[in-house]
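Just so it is clear, the structure is predicted and the values come from calculations on it, not from any experiment.
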Number of protein chains: 2
Amino acid sequence: MTSPPQTASRTDGAEARQKILLCALKLFAEKGYAKTSVRQIAQAAQVNVSAISYYFTDKAGLYRTVFSWPSLVARPCEYGFTAPELPLEAALQQFYMEFFQPLKMGEAVQDVMKLRYREMLEPTGIWEEEIENEIKPHHAAMTELICRHLDAREADDAIQSLVLACIGMAVHLFMGQNIIRTMTPQLLKDHAALDRMAARYGRYASAMVLDEKIRRTGIQETSA
Amino acid sequence: MTSPPQTASRTDGAEARQKILLCALKLFAEKGYAKTSVRQIAQAAQVNVSAISYYFTDKAGLYRTVFSWPSLVARPCEYGFTAPELPLEAALQQFYMEFFQPLKMGEAVQDVMKLRYREMLEPTGIWEEEIENEIKPHHAAMTELICRHLDAREADDAIQSLVLACIGMAVHLFMGQNIIRTMTPQLLKDHAALDRMAARYGRYASAMVLDEKIRRTGIQETSA
DNA sequence: TTATTGATCAAACGTTTGTTTGATGTATGA
DNA sequence: TCATACATCAAACAAACGTTTGATCAATAA
């Protein structure tokens, strides 16, 4: 009879597991998967090395668990920027606000995002099955928004470039945090600074879309 | 068996060195420093493992050599986009043309760029001493260009955000090659597609700067 | 010729890697 | 009380790592 007993009163186990997860996240995000050894993680978490295999089977299992940490990855009310009643600039500003949200939250959330973006450069394993379900929706949502405001029923190359540019600005800011904080730290200083950043990027993106719109109507008029 | 030339049975030595460099570059760019073993490199280059220590002292030495491969890194006529006589949009388009140039060239050049951008995420060692001398000039050149066209003598936060956005679009396209080629392959298909991309990004960036200019003159008038 | 030099090799080096083992301590349930 | 389940530990494991060794082969210079 080895039915799972209730060990709720026992705090030791879950506590160690949590510590391992937290330290692993930090180290993985900081130095990458390969450069982080299980012994380093164990030492940082102040647990025995074998605790990692004990709780997560192996290093890869620990990474997978960290990578899709539910409480950190789950972002409840996202894609609010696609709301149809929003004017273009407001929608884009909200997009960047949502995108920069993790930067405002704790280190852990940022580290998870860092992990995910790191997978872009080193597409091995989880990338295809996980990011595919995160990047593509993001991309599709932005495409839909821009198509709607350009009165285009399909996304041609120009629109897809536009989508890429809008998203690229955000991704770059996220991935280049370290550099930006070195060169122009005041831009990411605090929540207010990030909000200003989102507002500016929203304006810029809006200007890009409007430029494309003018170009399109112009072409339509001359070709008609 | 064909009759062997004078130096056929005995290879030059420089040849092996070159092969190691080429394969190391490819593997480092593909999988990162830590995940690439010297044995893999040796096998790919079809040389003995010890040849790496023989020619480059150690793995780190090989990496350093690859990282600053003179013939690949040297980019002769750069920063041409800052030429004062260029109008804004043309200047920005030239910026993106220059930025995307490596994408047109051989795989080796792209891999070197990939290596350099990878150092952004994993700032260990060479980063500080090398990238500092590459990113900052790029950034400064773009800042100067935008300041000039905005009639601003100093770069305030808004201008620096603008600079960041313009550069970010380009960096994102470079780093996200794999994803972009998966989702919208036609945007990076060939040289002509890349040129169209640079032209579009130039227009978009120009629209952003002009938007900021309008905003500025508007504020100046109301505040004056 | 012989001596020397540089390139190449298989083999082994000592470490570090991720993982497993078996023992020990400890709280819980009967 | 005893017995079971669980958490933790030091130690050991095989495999892979970067690196070194010493021999071998080919070419050059004396």
With B for base contact, S for sugar-phosphate-only contact and - for none (protein heavy atoms under 4.0 Å), nucleotides 16-21 of chain D reads -BBBBB
- Note, H139(B) side chain near V163(B) side chain (heavy atom, < 4.5 Å): yes
In short, the helix from dT1(C)-dA30(D) to dA30(C)-dT1(D) is bent end to end, axes from five pairs each side, to 10°, by 20°
| said: Under 3.5 Å, is there a donor on one side chain and an acceptor on the other for Q40(B) and K31(B)? | reply: yes
Practice problem: Inspect the contact between K19(A) and E15(A) and indicate whether a charged nitrogen and a carboxylate oxygen are less than 4.0 angstrom apart. | Solution: no
* Please check if the distance between the ring centroids of F174(A) and H172(B) is under 6.0 Å. => no
Whole-Å distance, L62(A) CG to dT19(C) C1', equals 14 Å
| Is a side-chain donor or acceptor of Y96(B) paired with a backbone partner of C166(B) at a separation under 3.5 angstrom? | yes
Taken to the nearest 0.5 Å, the spacing of E98(A) CD from T82(A) OG1 works out to 8.0 Å
Taken to the nearest whole Å, CZ/F56(A) to C1'/dA7(D) is 14 Å
Can you find a heavy atom in the side chain of R196(B) that is under 4.5 Å from one in the side chain of L187(B)? no
Rounded to whole Å, CD1 of I20(A) lies from C1' of dT8(D) at a distance of 11 Å
TODO: With heavy atoms under 4.0 Å as the rule, sort Y55(B) into base, sugar-phosphate or nothing.
DONE: sugar-phosphate
Query raised in the report: Considering only heavy atoms from C-beta outward, does the side chain of Y204(A) approach that of M208(A) to under 4.5 Å?
Result: no
Taken to the nearest whole Å, CD/Q18(B) to P/dA7(C) is 15 Å
